[in-house]
Protein chains: 4
Amino acid sequence: MAERRRGAARSESARIAVLETTAALFAERGYDHLTIEGIAAEAGVAKQTIYRWWKSKSELVAECLFEGRLLPVDLVPPDSGDIRNDLTTWLDALFRFTDAPENGGLVRSLVIVAAENESVGRQLDASLGVSTLLTTRLGAATKAGDLPAGTPLKEVVDTLIGAVLVHVLQRTPAAPGAAKRLVSLLLP
Amino acid sequence: MAERRRGAARSESARIAVLETTAALFAERGYDHLTIEGIAAEAGVAKQTIYRWWKSKSELVAECLFEGRLLPVDLVPPDSGDIRNDLTTWLDALFRFTDAPENGGLVRSLVIVAAENESVGRQLDASLGVSTLLTTRLGAATKAGDLPAGTPLKEVVDTLIGAVLVHVLQRTPAAPGAAKRLVSLLLP
Amino acid sequence: MAERRRGAARSESARIAVLETTAALFAERGYDHLTIEGIAAEAGVAKQTIYRWWKSKSELVAECLFEGRLLPVDLVPPDSGDIRNDLTTWLDALFRFTDAPENGGLVRSLVIVAAENESVGRQLDASLGVSTLLTTRLGAATKAGDLPAGTPLKEVVDTLIGAVLVHVLQRTPAAPGAAKRLVSLLLP
Amino acid sequence: MAERRRGAARSESARIAVLETTAALFAERGYDHLTIEGIAAEAGVAKQTIYRWWKSKSELVAECLFEGRLLPVDLVPPDSGDIRNDLTTWLDALFRFTDAPENGGLVRSLVIVAAENESVGRQLDASLGVSTLLTTRLGAATKAGDLPAGTPLKEVVDTLIGAVLVHVLQRTPAAPGAAKRLVSLLLP
DNA sequence: ACTTAAGCGAGACGGTACGTCCCGTCTTAAG
DNA sequence: CTTAAGACGGGACGTACCGTCTCGCTTAAGT
């Protein structure tokens, strides 16, 4: 059994307050106007409490992201049995989310975090909800004959995410039908 | 004739010194360790001279980028006559450039700038050298029958750029043959 | 005849504009919030025009002072024949002027100028209107027997000025009758 | 009992370092070449530490003055029993101090501070060492018959201080015997 | 129960950089 | 040769946060 060291245990309420405040301020002001000092003040927490448990601002945001506190939408791809349809639906939802003006800044901030924080970068796909899809559905679809053997699904998904990011960075709304067109091309 | 307003003209030497220093420090230390104060000191220029002509750090970097001072490689796609080959060559060069460890950070910094600065975001493709390709070769290739009419080449190129960005953010080197495979899929 | 050197003559209108603006801003904002740049802008004059003709801010203010543009009151002592009465009247006017809240700051600013600028310091008494009194009336009064021979009138006047300065610096209004009392003591 | 608020206590060593440095730089360079930045650097202290505890440069100097760090001489008037003698001695010391060329600038700087900072102005007399004299010796001397009842000693002292200030501002050394002459006149 | 170690809110501290103001000098075009 | 305009290198301003530290208090395990 794990030896609990002496002293007061970590305060869960402080942890929650910090993460909630971080998520709120991130959405409100963007990553680069986020300050540890501001979070501490707003969360009613001492700065030291933040520094004790998180190494950096980006790690703090990463934890928010991985706990699903940053992206308000449900980005898990559906499972209709038809993987092309599912991907299209998911990609389309992603396009529509990022094209909403109030979300563009949030996603761009997220891109900054991914660029600054390695673990956020590495888990970009998980953050956008396609991990299960990759690990569980690929085999099934291949076995069912939906996809030819050797389909680089990971590569396909990354490319779709890339398309979304480019639209976000270019501040250009996705063309109608773009989701379907892209999926059709990548999974012929 | 243009009326030159009175007073001393803008110092071109100061402008050059600032841009060169910015590019050097950007490559050396990354965007977020870049400071106006540091640039001014290193360039032998007063801070006010920077603030007089550039609104923000990102605008400064943007100007460097658009003047070709940031990306050392020659990213202009070749013109062999075969647009698929040309795209593959260009994309492969891009992959190889970003996969080099000393360049990954630079490109991630560039992504941050694109996220912070609208004009950099909007001109992502130009920055990566594919503007001409889009504006001049698309028509020619279509006329020659290389591409079916209605090929959304802009969309294709954006998707390729997106694939590069995702690899950069995920810190994953591109798989061998990825460039060729992607181009083949997107321009069947 | 004086050799006029070639080229444009000094612009009298610029000189006037500068001095008027200086006096206005000095009274309005105090000496330490006075800036050459602000004067130039407000006077519609180039900074260089100021620097060409005045060595420093304090010299500029000095010129205002010596031209009587700073102190709005008429501080010249009267000449009733009775030197004690005249001094009392003058000192009383000085006390009343400096005790007015809107003038206190102005006089304190003037003290600062006197402390910074040697020529203003040296001509403190002239600025406060007692030069003639010292140079012309002393002899007359002595001859008339109003003052005993050897009366150190310069010393007396300086002491009176000193009393005023101390009240100004202490932000204490002068006691009623202080002028008369002081003059009586110093010129028994 | 005094409620000590939480958080680290104010650092006394930082406070001392700041005041000592301020006094040193003030004496060395004068009030207007004194900069917060320079003090902070020289004292090995962060600028914010200064701004946290002092509102302005003049307040900083004021604290130095009230702690006796600015004026190196012992300006306390003696107590020989004869108040006229004591005043003369004190005034003479003051004249001699201010007439020394290395001290003139210091005292003129002090005048500037008195003009800028209300509390320094109000406590001019205390700063120059005559507070006790006023509060304790006046009554005693009056009782002993040394001074006629109703002697406005405060006014007398202010006038003496004023005489000193005028000499300082005029850059004129005091005439020999001036101290004795003035005291004799003011306290006949 | 007492000690001891850790967590916590608060906040002072040495620093770095910010963006602004103003300095005094220099450059340009007009008169 | 003066002037208005204004760019320039420089220095200081006062502010915002950084990440570390110290304080007095609370909490909980070990003795």
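The analysis underlying the following values was restricted to heavy atoms, covering all of them including side chains, and did not include hydrogens, waters or symmetry mates. So you know, we letter chains A, B, ... as the sequences are listed, proteins then strands, and number each from 1.
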What is the separation between atom [atom1] on [X] and atom [atom2] on [N], rounded to the nearest whole Å?
| X | N | atom1 | atom2 | value |
| --- | --- | --- | --- | --- |
| B:R29 | E:dA17 | CZ | C1' | 13 Å |
| C:D32 | E:dC22 | CG | P | 12 Å |
| A:I50 | F:dC18 | CD1 | P | 9 Å |
| A:K55 | F:dT20 | NZ | P | 13 Å |
| A:I36 | F:dT20 | CD1 | P | 11 Å |
| B:H33 | F:dC18 | NE2 | P | 13 Å |
| D:I39 | F:dG11 | CD1 | P | 18 Å |
| A:K57 | F:dC18 | NZ | C1' | 11 Å |

Strictly distance-based, threshold 3.5 Å: is any side-chain N or O of [X] a donor or acceptor partner for the main-chain N or O of [Y]?
| X | Y | value |
| --- | --- | --- |
| B:N117 | B:V120 | yes |
| B:R171 | B:L169 | yes |
| A:R108 | A:V168 | yes |
| C:K57 | C:Y31 | yes |

Can you tell me which nucleotide in [options] comes closest to the side chain of [X]?
| X | options | answer |
| --- | --- | --- |
| B:S11 | E:dA5, F:dC8, E:dC18 | F:dC8 |
| A:K47 | F:dC18, E:dC8, E:dA29 | F:dC18 |
| C:A14 | F:dA4, E:dT27, F:dT27 | F:dA4 |

Given DNA chain F, 5'-ward residue of the pair D:T35 and A:Y51, judged by closest heavy atom: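 It is D:T35, whose closest nucleotide lies nearer the 5' terminus.
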
Respond yes when some side-chain nitrogen or oxygen of [X] is under 4.0 Å from OP1 or OP2 of [N], and no when none is.
| X | N | result |
| --- | --- | --- |
| D:T49 | E:dG14 | yes |
| A:W53 | E:dA6 | no |
| A:R52 | E:dC8 | yes |

Donor/acceptor link under 3.5 angstrom from A:Q48 side chain onto base of F:dC21: yes

Base E:dC23 to side chain C:E37, donor-acceptor N/O within 3.5 Å cut-off: no

Touch class at under 4.0 angstrom, heavy-atom based, for C:G38 against every strand present: nothing

C:W53 six-ring face occupied by C:R10 cation (under 6.0 Å, within 45°):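 Cation-pi check for C:R10 and C:W53: passes.
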
